There are 2 protein chains.
Amino acid sequence: MPRAKTTYDRLQDTALSLFEEYGYDNVTVEQIASAAGVSHMTFFRHFPTKDSVVVSDPYDPLIAEAVSLQPQYLSALERVRRGLIEVSTAMGDSIDGTTRSRIRIGVSHPKLRAAMWENNGVTEDLLASALIESGESEFEARVVVGACLGAAMAALVDWAEDDSGQSLGVRIKRALDFLGWE
Amino acid sequence: MPRAKTTYDRLQDTALSLFEEYGYDNVTVEQIASAAGVSHMTFFRHFPTKDSVVVSDPYDPLIAEAVSLQPQYLSALERVRRGLIEVSTAMGDSIDGTTRSRIRIGVSHPKLRAAMWENNGVTEDLLASALIESGESEFEARVVVGACLGAAMAALVDWAEDDSGQSLGVRIKRALDFLGWE
DNA sequence: GAACTCTATGTTAGTGACTAACATCAACGG
DNA sequence: CCGTTGATGTTAGTCACTAACATAGAGTTC
């Protein structure tokens with residue numbers, strides 16, 4: 001028997017479908033909360049901001065781990081590249097509907113896109129730290145990570161906006177192949 | 001005799017120095033407006049958002065132009081790289097105090113950083129269009145531009161946070177040199 | 001010079017995201 | 001059975017931002 005949905009899940013599902021139907025700007029937190037059967041304060045106890053229902057990235061730590069596990073003899077660029085490709089390929093088609101919906105809504109609205117970038121900043125810090133710990137200079141680490149995430153983000157947007165069926169992993173690999181090799 | 005400051009300039013100067021002194025979050029639009037001797041409505045007639053006092057990038061069009069002027073036999077990556085380096089070198093030390101202050105405040109606060117990224121999205125679109133017009137595929141254009149701007153942004157942040165005197169142009173060049181060559 | 005327009009500004013009264021302080025209520029362990 | 005704990009509700013705020021309407025001063029035209 002499926003476990004009863006948590007308030008968190010109910011809020012997220014409700015919010016996403018309202019956003020898809022009416023547009024992000026035309027849905028208030030109040031509406032989300034009452035449609036999910038709670039008060040608006042409960043919403044904010046589960047999500048710090050209205051944005052965060054859409055923008056939250058559970059893959060950050062996975063990516064950071066994958067990068068730090070790459071062999072040290074590779075260049076920083078190459079390690080980030082391979083780490084990103086590994087994770088995005090592994091996620092593969094297992095990305096669930098909620099995630100897909102979140103990304104699609106996220107790229108469609110400037111405010112949310114900005115929030116995604118901000119979130120990306122966290123990933124950036126994580127990855128850069130991983131590289132720095134393994135002896136890379138801070139400058140090179142930040143630059144390489146910035147570039148790779150910039151490319152990956154472009155691939156993500158492309159994937160969200162285009163239904164041609166090519167998987168996210170393949171797109172990210174293609175994207176990163178435009179950057180320098182070993 | 002210097003021309004009298006416009007309301008716009010007065011608002012911007014006032015806002016920036018208040019932000020530097022008290023922190024972005026601890027200054028209300030109301031305070032900025034009254035310190036500049038106007039009402040809060042006047043503030044919003046000159047700046048669409050509180051963010052926008054800090055985040056505005058007059059260099060976008062310059063960069064786009066520089067990129068589209070690169071010789072076509074170069075790869076997309078190389079054209080964006082050279083365009084960015086040209087402009088940032090040309091700006092050189094002529095960046096005025098207001099701009100420097102804006103960037104320093106901008107990178108220091110998550111909300112503003114996100115707004116800078118959003119703004120970056122505009123640059124991204126501009127550059128990508130320039131490449132697409134000259135025959136590049138949309139995917140490659142977006143990826144390459146995303147990567148280069150990601151790297152450049154890292155250099156910008158580095159420059160804003162570090163007073164060692166190395167110019168922005170040099171840092172951006174160093175950053176982009178980590179990416180692939182011809 | 002009076003009427004007329006244009007532009008910059010002020011006033012007022014909202015909406016909506018988000019916070020703080022405090023109350024309630026049900027579950028659960030002792 | 002009582003006390004604690006955790007999730008929730010209520011209320012009353014602050015602040016960014018908007019809409020509608022008023023005003024005032026600098027020309028411009030007749």
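Every chain is numbered from 1 and lettered A, B, ... according to where its sequence line falls, protein lines coming before strand lines. Nothing here was measured: the structure is a model prediction, and the numbers come from that model.
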Notebook entry, point to check: Which nucleotide in the set C/dA21, C/dA17, C/dG10 lies at the smallest distance from any side-chain heavy atom of A/K50?
Noted result: C/dA17

Margin query: Strictly distance-based, threshold 3.5 Å: is any side-chain N or O of B/K50 a donor or acceptor partner for the main-chain N or O of B/V27?
Written below: yes

Notebook entry, point to check: Between C/dA17 atom P and A/L112 atom CG, what is the distance in whole Å?
Noted result: 12 Å

Note to self: Looking only at the side chain of A/M41 (C-beta and beyond, no hydrogens), which of the listed nucleotides C/dG10, C/dC18, D/dT10 gets closest?
What the structure shows: D/dT10

Notebook entry, point to check: What's the CG-C1' distance between B/L11 and D/dA16, to the nearest Å?
Noted result: 16 Å

Item checked: Atom-to-atom span, CZ of A/F43 to C1' of C/dA17 - whole angstrom -> 10 Å

Check: When you check the phosphate oxygens OP1 and OP2 of D/dC15, does a side-chain N or O of B/H40 lie under 4.0 Å from one of them?
Finding: no

Item checked: Distance-minimising heavy-atom pair for A/T49 and A/F44 -> CA-CE2, 4.4 Å

Checklist line | Intermediate values then yes/no, salt bridge (Lys or Arg N to Asp or Glu O under 4.0 Å), B/R82 and B/E86 | finding: CA-CA 6 Å; B/R82 294 194 187 185; B/E86 268 179 25; over 6 Å; no

Next item on the list: Output yes when at least one side-chain N/O atom of B/S39 is less than 4.0 Å from OP1 or OP2 of C/dT11, else no.
Entry: no

Notebook entry, point to check: Would you say B/T42 reaches C/dA8's phosphate, i.e. side-chain N/O to OP1/OP2 under 4.0 Å?
Noted result: no

Checklist line | Parallel, tilted or perpendicular: rings of B/F139 and A/F178 (30°, 60°) | finding: tilted

Item checked: No-H, no-angle donor-acceptor pair, A/R45 side chain to D/dG6 base, under 3.5 Å -> no

Note to self: Under 4.0 Å from OP1 or OP2 of D/dA7: is there any side-chain N or O of A/T7 that close?
What the structure shows: no

Check: Rounded to whole angstrom units, what separation is found between the CZ atom of A/F47 and the C1' atom of C/dT19?
Finding: 18 Å

Check: So B/T7 and B/R45, side chain to side chain donor-acceptor pair (under 3.5 Å) or not? Walk me through it.
Finding: CA-CA 10 Å; B/T7 302; B/R45 286 203 183 89; over 6 Å; no

Note to self: Expressed as a whole number of angstroms, how long is the span from B/R10:CZ to C/dA8:P?
What the structure shows: 14 Å

Notebook entry, point to check: Separation of A/Q31 atom CD from C/dA17 atom C1', in whole Å?
Noted result: 13 Å

Notebook entry, point to check: Which nucleotide in the set C/dT19, D/dT18, D/dC15 lies at the smallest distance from any side-chain heavy atom of B/T28?
Noted result: D/dC15

Next item on the list: Specify the separation, in whole Å, of atom CZ of B/F44 and atom P of C/dT12.
Entry: 18 Å

Next item on the list: Calculate the interatomic distance between A/Y8 atom OH and D/dT8 atom C1'; express it in whole Å.
Entry: 18 Å

